[in-house]
Amino acid sequence: MSQDDNKQRKHVVIIGAGFGGVKAARSLANENVDITIVDRNNFHLFQPLLYQVSTAILAEAEIAYPVRAFFQKNNNVEFFLGEVIDFDLGAKKIITDHGPVFYDYLLIAAGSMTNYFGMDTLEKHCMGMKTLEESVRIRNHILNIFEEANKEEDSQKRKQLLTFICVGGGPTGIEEAGSLSELIYHVMAKEYHNLDFSQVDIKLIEATDKVLPMMPNNLREETIHVLQRKKVDVRLNSQVLDYDGQKLTLKDGEVIPTQTVIWAAGVKAVPIVAKLGEDLDRSGRVVVQKTLQLIHHPEVFAIGDNACFIQDGSPLPTIAPVATQAALLTAGNIIKLIRGETVLDEFSYKDVGSMATIGRGDAVMFKGTWQMKGFFAWCAWMVVHLMRLAGTHTNITVALKWMWNFFSGTRLGRIITKE
């Protein structure tokens, strides 16, 4: 390519190295454009498996992949390690903690964060599970709790230590509660010989009248049945009012002594989206056109957890398939704009179905009128997630760990690390 061609190439900046950001960058990597991915972490995180790090099934490196490794053969793709702190859309630049980055086209795919719905005490004392650091913190906390309980002589205090609360009946809460139960009853119970495991109390608390709202009723009932079989106390229509680090208070007045509350009850867009100066929805997502462009800045696109896109009367969910499908359309629309085309493709999400694993050998799946549960659903869940993981080495390692865990229940990730 000539030097003149390089001078004329447009610069596409992508904020976020999540599912959407990486998918868009890979789609554009072979085009005549320069691409810069901006992220405060140098890795792509496979968030659906954070619960497996928090419950010692997998290690951190098995669900994270270096961003630069995706683009070793793409000289037109650069990675910028930094955090976006503001926008200057008029000047077509983003402001980072390491200076400005200019763009011709901008894609905002910065992901989401835990939503505590404005309750400061919950944000201060609960443990979220949206980042790698948070999942490691949960793992360290659970392992430390058992060491404390093993030394605690007061029965009431020990009961408090051995009470674990997962808040949120979506896939994350379900998967965390089921995996935590297996860690405690199948592994810890064999190793802590002086503990009375009848004192262990695992609760899943959901504010509405159902778990997994995207699933049909029979699969929701199956999910609750499996959790109960795993000794998880499922509480529906139970709204958390407060938590001070020692006692969880429900809206009906019940107080549960516990030092472990894992919050999986909602997400919202990262705060930087609000600085775009555009209309936002209740979750902080920016309202986009059908082409995924911002209303007042057509050179700026937003996808995934950062975009409020209304389809069939309601916003699309904040799940990976939505982000990846939107990324492909956005990449195509950017190329059209570069070529001078004025008619862009409009986004329409094609539902790929829903799935959740409840534990070893148990899962539920649903798409249209088709549904599956139990062992074969779990096998399908494994295949789908392995296909989405980055890197052959990771695929092989994770597959072997999952199979070894299935046959033996072993969890070798029970290492307390410094935070």
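- Between Ala24 and Ala331, the closest heavy-atom pair is O-CB, 4.2 Å.
- Contact between Ser181 and Ile202 at its shortest, heavy atoms only, is CA-CD1, 3.5 Å.
- The shortest side-chain heavy-atom distance between Gln199 and Asp196 falls under the 4.5 Å cut-off.
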(message) Quick one, Arg414 with Glu191, criterion salt bridge (charged side-chain N to carboxylate O under 4.0 Å, His left out). Give me CA distance, side-chain angles, the key distance, then yes/no.
(response) CA-CA 12 Å; Arg414 300 188 322 282; Glu191 299 178 347; 2.6 Å; yes
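- Residue pairs meeting the side-chain hydrogen bond (donor to acceptor under 3.5 Å, both in side chains) criterion with at least one partner in residues 268-278, sequence neighbours excluded, are Glu278-His296.
- Heavy atoms of other residues, nucleotides or ligands lying less than 6.0 angstrom from CG of Asp312 number 12 at most.
- Separation of atoms CD1 (Ile184) and CZ (Phe197) is listed at 7.5 Å; rounding is to 0.5 Å.
- Under the 3.5 Å distance criterion, the side-chain polar atoms of Asn74 are left unmatched by any main-chain donor or acceptor of Asn76.
- In this structure, Lys373 and Leu219 have side chains that are in contact, with non-hydrogen atoms separated by less than 4.5 Å.
- Classification of the Trp381-Trp402 ring pair by plane angle, with boundaries at 30° and 60°, yields tilted.
- Annotation: Phe46 is in aromatic contact with Phe19 [ring centroid separation under 6.0 Å].
- Under the 3.5 Å distance criterion, with hydrogens and angles disregarded, no donor-acceptor pair is assigned to the side chains of Glu299 and Tyr103.
- More than 12 heavy atoms of other shown residues, nucleotides or ligands fall within 6.0 angstrom of atom NZ in Lys157.
- Here the straight-line distance linking atom CD1 of Ile142 with atom CD of Gln259 works out to 13.0 Å at 0.5 Å rounding.
- Between Phe146 and Phe164, the ring planes are parallel. Angles under 30° get that label, and only those over 60° would be called perpendicular.
- Side-chain polar atoms of Thr121 and Asp242 form a donor-acceptor pair below 3.5 angstrom.
- In summary, Glu62 and Lys401 engage in a salt bridge, as defined by a charged side-chain N under 4.0 Å from a carboxylate O.
- Of the inter-residue distances, the one linking Asp88 atom CG with Ile95 atom CD1 reads 6.0 Å to the nearest 0.5 angstrom.
- Side-chain contact check for Val167 versus Leu204: every heavy-atom pair is 4.5 Å or farther apart.
- For the atom pair CG of Asn237 and NZ of Lys251, the computed distance is 11.0 Å after rounding to the nearest 0.5 Å.
- For the pair Arg68 and Glu78, the salt-bridge criterion is met [side-chain N within less than 4.0 Å of a carboxylate O].
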(request) Go through Phe347 and Phe309 one step at a time and tell me if the ring-ring contact (aromatic ring centres under 6.0 Å, His included) criterion holds. (result) CA-CA 9 Å; Phe347 186 54; Phe309 184 89; 5.2 Å; yes
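- We find that Glu60 and Arg139 are joined by a salt bridge, their nearest charged nitrogen and carboxylate oxygen being less than 4.0 Å apart.
- Residues Asn405 and Thr410 approach most closely at ND2-O, 3.3 Å, considering heavy atoms.
- Counting heavy atoms from C-beta on, the side chains of Val77 and Phe79 never come closer than 4.5 Å.
- Remark: Phe70 pairs with His44, Tyr65 by the ring pair (Phe, Tyr, Trp, His ring centres under 6.0 Å) rule, at least two apart or across chains.
- For the residue pair Ser112 / Asp305, a side-chain donor-acceptor distance below 3.5 Å is found, with atom types taken as modelled.
- Between Phe406 and Phe375, the ring centre distance stays below 6.0 Å.
- More than 12 heavy-atom neighbours from other residues, nucleotides or ligands sit within 6.0 angstrom of CZ on Arg229.
- Under a 4.0 Å N-O distance rule, the pair Arg235/Glu254 qualifies as a salt bridge.
- Note that CE of Met188 and CG of Asn150 are 10.5 Å apart. Values are rounded to the nearest 0.5 Å.
- Residues Glu221 and Asn217 have side chains that bring a donor and an acceptor to within less than 3.5 angstrom of each other.
- Proximity of Thr260 to His141: side-chain heavy atoms (C-beta onward) are separated by under 4.5 Å at one or more points.
- Here the side chains of Leu180 and Tyr51 are not in contact, with every heavy-atom distance at 4.5 Å or above.
- Inter-residue side-chain proximity for Leu89 and Val300 is flagged as met; some heavy-atom pair is nearer than 4.5 Å.
- Between the side chains of Glu176 and Ser54, a donor-acceptor pair is found at a separation under 3.5 Å.
- When all heavy atoms are compared, the tightest approach of Lys190 to His193 is O-CE1, 3.0 Å.
- Between His98 and Phe80, the closest side-chain pair of non-hydrogen atoms falls below 4.5 Å.
- A side-chain donor from one of Arg411 and Ser179 sits under 3.5 Å from a side-chain acceptor of the other.
- Of the possible polar contacts, none joining the Asp39 side chain to the Asn42 backbone as a donor-acceptor pair under 3.5 Å is found.
- The residues Lys230 and Glu182 are annotated as salt-bridged, a charged nitrogen and a carboxylate oxygen being separated by less than 4.0 angstrom.
- The two residues Asn140 and Ile415 make their nearest non-hydrogen contact at OD1-O, 3.5 Å.
- Qualifying ring pair (Phe, Tyr, Trp, His ring centres under 6.0 Å) partners for Phe102, counting only residues two or more places apart in sequence or in other chains: none.
- Within a 6.0 Å radius of CG in Asn75, other residues, nucleotides and ligands contribute 12 heavy atoms or fewer.
- No salt bridge links Asp362 with Arg360; every basic N to acidic carboxylate O contact stays at or beyond 4.0 Å.
- How far CG of Leu292 is from CG of Asp345: 10.0 Å, rounded to the nearest 0.5 Å.
- When all heavy atoms are compared, the tightest approach of Pro321 to Tyr349 is CB-OH, 3.6 Å.
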